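Every chain is numbered from 1, with letters handed out A, B, ... down the list of sequences. Here the structure is a predicted model, which is why all the values come from computation and not from measurement.
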There are 2 protein chains.
Amino acid sequence: MPRPNTRDRIVDAADLLFYQTGFEHTSFAEIAAVVGVSRGNFYHHFKTKDEILTAVIDLRLNKTRAMLRDWQAEGQGPAERIGCFIQILITNQSKIVLHGCPVGTLVSELAKLDHAAHDHANALFTLFRDWLREQFVQLGRKEDADVLAMRLLAQSQGVASLASAFRDAEFIKAEVHQMRAWVQSLTPAA
Amino acid sequence: MPRPNTRDRIVDAADLLFYQTGFEHTSFAEIAAVVGVSRGNFYHHFKTKDEILTAVIDLRLNKTRAMLRDWQAEGQGPAERIGCFIQILITNQSKIVLHGCPVGTLVSELAKLDHAAHDHANALFTLFRDWLREQFVQLGRKEDADVLAMRLLAQSQGVASLASAFRDAEFIKAEVHQMRAWVQSLTPAA
DNA sequence: GCAAAAATAGGTCAAGCGTCCTAAATGAAG
DNA sequence: CTTCATTTAGGACGCTTGACCTATTTTTGC
């Protein structure tokens, strides 16, 4: 097995560059330069730019699934698990201020390009949506679990969007506090 | 007689194309083709692409200022005026599902490109933010008016983002209903 | 150890881009 | 009518892009 997995390094670099500067604005040459491989080597692993995009989305899907699985395995209640989701905004606040939400900005860009991979990328949103819905169900909100899941998802998107626009990390902290209080208000007293 | 102003027609076309397909993805040739002018004529009015962007942002700023002024002049209370803002999501729902929020997606794209015009575009957000803050002040929430303004702005951004991602106009309607109820809950009984 | 396969390097290509130029058509002013 | 600035047309440039090809090196399987 090839120790220095060039393909993975390319996907990792593309993942980061797509996040930082956007899919369309990132060129083959830039990715290749970051990884330190020639364009020919690059082409050996990925015939088209769309193939790289597919690989990047798959990587993000796998990482997200693993993360959700970890949260599930920590032996806490649904409210605490929803708290893990909200916590992402804090953990990644500096990146979010600079480049927005990785999922939201990618899906938005692909929507504008009318790109075939839009649905594939949106599966990232669906992953969170379904997982959050399940948590709200376990919280005893079976009736409106999906509505609540979408609302929390929308809130986090809005917070990331404005935090980036105004380059304001404090805004994230304040809204996260409010989101936590909101979840608390939905949690039946134990 | 005022001739059909070519410059204005160019800006109008660029405004629409930037919204529908993004700033970077829109080329000189596309705009020129839509307007029906030659690239030379185009260049006579705008030396660089950034000049067009500046003109488009200025156009949007003026349109937004006029809209806010109209809302102010309708002789209603602050709660009704905030309702006008929320109503945009309904009025433009089909466009939002297809292309997202015109302000949010532009600011987000310029942030990713690290474009100098980012702050200029973000003035659109500031316009709404300041106006909303004033409405909340008049609603008797002087202390947290800016927090509430940002929260409502973030909500509308999140709703637009997810509505576009899931291509779901019904989601907009549902969340608008919730947002109206929220404003109502902040309004002191008359 | 050696042949097959995979990986890497670097050159090449057509297309599209923003930009720039010159020249012709138009229209207002004297 | 003439003059001259404005507007329009369209060609040309230099550059970047994604895509593709061939040659060489490295790794793998038997």
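Side-chain N/O atoms of B/Gln72 and B/Trp131 include a donor and acceptor closer than 3.5 Å. With no hydrogens or angles considered, a side-chain donor-acceptor pair links A/Thr26 and A/Thr21 at under 3.5 Å.
The aromatic rings of A/Trp71 and A/Phe85 sit perpendicular to each other, their planes meeting at more than 60°, with 30° as the lower class boundary.
Atom OH in B/Tyr43 sits about 18 Å away from atom P in D/dA12, given to the nearest Å. Regarding B/Phe42, its CZ atom lies at a distance of 13 Å from the P atom of D/dT8, rounded to whole Å. Atom P of nucleotide C/dC20 and atom CD of B/Glu51 are separated by 10 Å, given to the nearest angstrom. As a whole-Å value, the separation of A/Asn41 CG from D/dA23 P is 18 Å. The interatomic distance linking B/His45 (NE2) with C/dT19 (P) rounds to 16 Å, in whole Å. Note: NZ (A/Lys49) to C1' (C/dA15) measures 15 Å, nearest angstrom. Between A/Arg9 atom CZ and C/dA7 atom C1' the separation is 12 Å, expressed in whole Å. Here C/dA6 presents its C1' atom at 12 Å from CG of A/Asn5, a figure rounded to the nearest Å.
Contact check on A/Glu109 versus A/Lys112 returns no salt bridge, with no Lys/Arg side-chain nitrogen under 4.0 Å from an Asp/Glu carboxylate oxygen.
Looking at B/Arg39, its side chain has no donor and acceptor atom pair within 3.5 Å of the base of D/dT8.
Inter-residue side-chain proximity for A/Phe128 and A/Met67 is flagged as met; some heavy-atom pair is nearer than 4.5 Å.
With a 6.0 Å cutoff to the six-membered ring centre and a 45° limit on the axis angle, A/Lys49 does not count as a cation-pi contact of A/Phe46.
The shortest distance between the side-chain N/O atoms of A/His44 and the OP1/OP2 oxygens of C/dA7 is below 4.0 Å. For the OP1/OP2 pair of D/dT8 and a distance below 4.0 Å, the side-chain nitrogens and oxygens of B/Thr6 include at least one atom meeting the criterion.
Heavy-atom distances under 4.0 Å link DNA chain C to B/Thr26, B/Ser27, B/Phe28 of residues 23-32 of chain B, given in residue order.
The distance between the ring centers of A/Phe166 and A/Phe171 does not fall below 6.0 angstrom.
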